[in-house]
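Numbered from 1 within each chain, the chains take letters A, B, ... in sequence-line order.
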Protein chains: 2
Amino acid sequence: MADSGGPPSGESLLFLTDDQLRKAIEAMFFAYRGFTADPDRILSEKGYGRAHHRAVHFINRSPGTTVNNLLSILGVTKQSLNRVLRTLISDGLVESRVGKQDKRERHLFLTEPGEVLERALSDAQRDRMRSAFRRAGPDAVSGFRQVLEAMMDADTARHYKRLKEGGA
Amino acid sequence: MADSGGPPSGESLLFLTDDQLRKAIEAMFFAYRGFTADPDRILSEKGYGRAHHRAVHFINRSPGTTVNNLLSILGVTKQSLNRVLRTLISDGLVESRVGKQDKRERHLFLTEPGEVLERALSDAQRDRMRSAFRRAGPDAVSGFRQVLEAMMDADTARHYKRLKEGGA
DNA sequence: CTTGGAATGTCAACAAGGCTGACATAATGT
DNA sequence: ACATTATGTCAGCCTTGTTGACATTCCAAG
């Protein structure tokens, strides 16, 4: 079950059959569903969606970040993000402060209740990730991360690495 | 870069900090975007979306599958799936044949043009997966799959394994 | 200093693709 | 005969993506 079913694995040039790749593609699809399932449940109880989760996650991650910065991380249009931010702000989960240097900018922060929601979401998601890591074993973990990093777009990987180092 | 940054990895109980888990969560988010980016481009040129991709993928995977079966794999409502199938059928990419044993069932098949689209989509996605595997190295590949499998919901994993074995 | 762009953020309207609910039809099973 | 199953369809709602139009703020060139 660890090995995909046969010949490969020694050399530096992998013997990757279309069939193995197809299994990996399906695994990615099904796993992502599991990955989002727990937060989705919590969110839908409160009338929010994945877009809210993403905003809350990255605001928590980089408090004081600007709308523009969040935009480039999330890869959506500012109008799309704005709708989400508007509800989060009016619900009192996010605070938006006008920039001191540049008054065009808005700096975003989680409020106390915002942090509570963020905690609930990330706890649920971390629990699943932790349990997956435990079941897969220590060696699997680094392989997992390496493949994921290699799968990102170049631009995306830049964001990822900036976050990765900033938060260490 | 291979190692996540420190202490862990020998024992059976992993030393998983919240910080490491958070990085893995972000990696999953960013990687999934890369994973869908290439097919998304192809699809949007033809006026389709991810929902069409999923249908085409699993019909190709299990030709003659029924609507009900597809439903349980995709985890959406029949109304949702039906909207997608309707366009694929009327565009001549999918054929729906009444069942011989049970005439209530519709068995789904890709037409010639349907297979062409499927090939384009899966080629693009496989190319990215293959390149990610190559860059990550042989040892990473099995770890990747193990973690993904451990991340799925139990029900989902059933579908996944049935497909995995059926297609080997 | 003024003025024209560039950057930033907001509002409005539309589309895709989820969802629920209600209902029709046909075939099956009891 | 009747209940159940498999499928399809209509209507309406929600989230979340899109584009277009517009206000505000900043900055730099004249």
Side-chain angles (χ1 to χ4, degrees), chain A residues 29 32-33 36-37 39-59 64-91 94-109 121, chain B residues 29 32-33 36-37 39-57 59 64-91 94-109:
Chain A
F29 168 66
Y32 197 77
R33 207 153 70 187
T36 56
D40 281 355
R41 257 188 298 277
I42 297 171
L43 289 159
S44 76
E45 283 169 16
K46 320 213 176 229
Y48 295 123
R50 271 183 214 178
H52 301 86
H53 183 185
R54 293 195 282 268
V56 163
H57 173 95
F58 286 109
I59 293 172
T65 186
T66 64
V67 173
N68 228 4
N69 184 30
L70 209 48
L71 235 48
S72 77
I73 289 173
L74 296 176
V76 298
T77 59
K78 60 180 176 170
Q79 295 90 329
S80 214
L81 174 59
N82 189 256
R83 187 187 320 118
V84 168
L85 286 179
R86 208 187 313 161
T87 73
L88 289 173
I89 290 168
S90 76
D91 290 355
V94 167
E95 192 189 349
S96 159
R97 300 186 203 147
V98 173
K100 287 188 172 164
Q101 281 79 29
D102 189 334
K103 290 184 194 158
R104 291 172 301 181
E105 293 180 342
R106 303 297 136 92
H107 298 276
L108 303 168
F109 301 86
L121 294 169
Chain B
F29 167 66
Y32 196 76
R33 206 154 71 186
T36 56
D40 282 354
R41 257 188 298 276
I42 297 171
L43 289 158
S44 77
E45 283 169 16
K46 321 215 177 227
Y48 295 124
R50 270 183 216 178
H52 301 84
H53 184 184
R54 293 194 282 267
V56 163
H57 174 95
I59 293 172
T65 188
T66 65
V67 173
N68 234 358
N69 185 30
L70 208 47
L71 235 47
S72 78
I73 289 172
L74 295 177
V76 298
T77 60
K78 62 174 179 173
Q79 295 91 328
S80 227
L81 175 58
N82 191 256
R83 187 186 321 129
V84 168
L85 285 179
R86 209 185 312 162
T87 72
L88 289 173
I89 290 168
S90 77
D91 290 356
V94 167
E95 192 189 349
S96 160
R97 298 186 205 148
V98 173
K100 286 189 173 164
Q101 281 79 28
D102 189 333
K103 291 183 193 160
R104 292 171 303 181
E105 293 180 340
R106 301 299 139 89
H107 298 277
L108 303 169
F109 301 86

Between [N] ([atom2]) and [X] ([atom1]): distance, integer Å:
{"X": "A/Lys100", "N": "D/dC26", "atom1": "NZ", "atom2": "P", "result": "15 Å"}
{"X": "B/Asn69", "N": "D/dT5", "atom1": "CG", "atom2": "P", "result": "17 Å"}
{"X": "B/Leu43", "N": "D/dG17", "atom1": "CG", "atom2": "C1'", "result": "15 Å"}
{"X": "A/Asp40", "N": "D/dT15", "atom1": "CG", "atom2": "C1'", "result": "12 Å"}
{"X": "A/Arg86", "N": "D/dG17", "atom1": "CZ", "atom2": "P", "result": "14 Å"}
{"X": "B/Glu105", "N": "D/dT7", "atom1": "CD", "atom2": "P", "result": "6 Å"}
{"X": "B/Leu85", "N": "D/dT9", "atom1": "CG", "atom2": "C1'", "result": "13 Å"}

| Residues that A/Tyr32 engages under side-chain hydrogen bond (donor to acceptor under 3.5 Å, both in side chains), provided they are two or more places apart | none
| note | By side-chain hydrogen bond (donor to acceptor under 3.5 Å, both in side chains), B/His57 pairs with (sequence neighbours left out) A/Glu26
My understanding is that only residues two or more places apart in sequence, or in another chain, count here; which of them pass side-chain contact (heavy atoms from CB on, under 4.5 Å) with [X]?
{"X": "A/Ser96", "answer": "A/Ile89, A/Arg106, A/Leu108"}
{"X": "A/Asn68", "answer": "A/Thr66, A/Leu71"}
{"X": "B/Asp102", "answer": "B/Arg104, B/Glu105"}

Considering only nitrogen or oxygen atoms on both sides, find all protein atoms under 3.5 Å from nucleotides 19-24 of chain D and state each distance.
unit_1, atom_1, unit_2, atom_2, d
D/dG20, O6, A/Gln79, NE2, 2.7

| query | Do B/Phe109 and B/Thr65 come close enough that some side-chain heavy atom pair is under 4.5 Å? | reply | no
| Side chains of A/Phe58 and A/Leu74: does their closest heavy-atom pair fall under 4.5 Å? | yes
| request: Work out which heavy atom in B/Gly64 is nearest to a heavy atom in B/His107; give both atom names and the distance. | output: O-ND1, 2.7 Å
| query | Are A/Arg83 and D/dT15 close enough that a side-chain N or O sits under 4.0 Å from OP1 or OP2? | reply | no
| task | Return no unless some side-chain N or O of B/Asn68 is found under 4.0 Å from OP1 or OP2 of D/dT5. | result | no
| query | What parts of residues 47-56 of chain A reach DNA chain D, counting only heavy atoms under 4.0 Å away? | reply | A/Gly47, A/Gly49, A/Arg50, A/Ala51, A/His52, A/Arg54
| task | Provide the start and end nucleotides, 5' to 3', of the part of DNA chain C that has atoms under 4.0 Å from heavy atoms of chain B. | result | C/dG17 to C/dT28
| task | For residues 42-58 of chain A, pull every pair meeting salt bridge (charged side-chain N to carboxylate O under 4.0 Å, His left out), keeping only residues two or more places apart or in separate chains. | result | A/Asp40-A/Arg50
| How would you label the contact of B/Gly75 with the nucleic acid (heavy atoms, under 4.0 Å): base, sugar-phosphate, or nothing? | sugar-phosphate
N/O donor-acceptor pairs under 3.5 Å from side chains in residues 75-88 of chain A, not counting sequence neighbours:
unit_1, atom_1, unit_2, atom_2, d
A/Thr77, OG1, A/Ser80, N, 3.3
A/Thr87, OG1, A/His52, NE2, 3.2
A/Thr87, OG1, A/Val84, O, 3.0

| Residues in salt bridge (Lys or Arg N to Asp or Glu O under 4.0 Å) contact with B/Arg97, at least two apart in sequence or another chain | B/Glu95
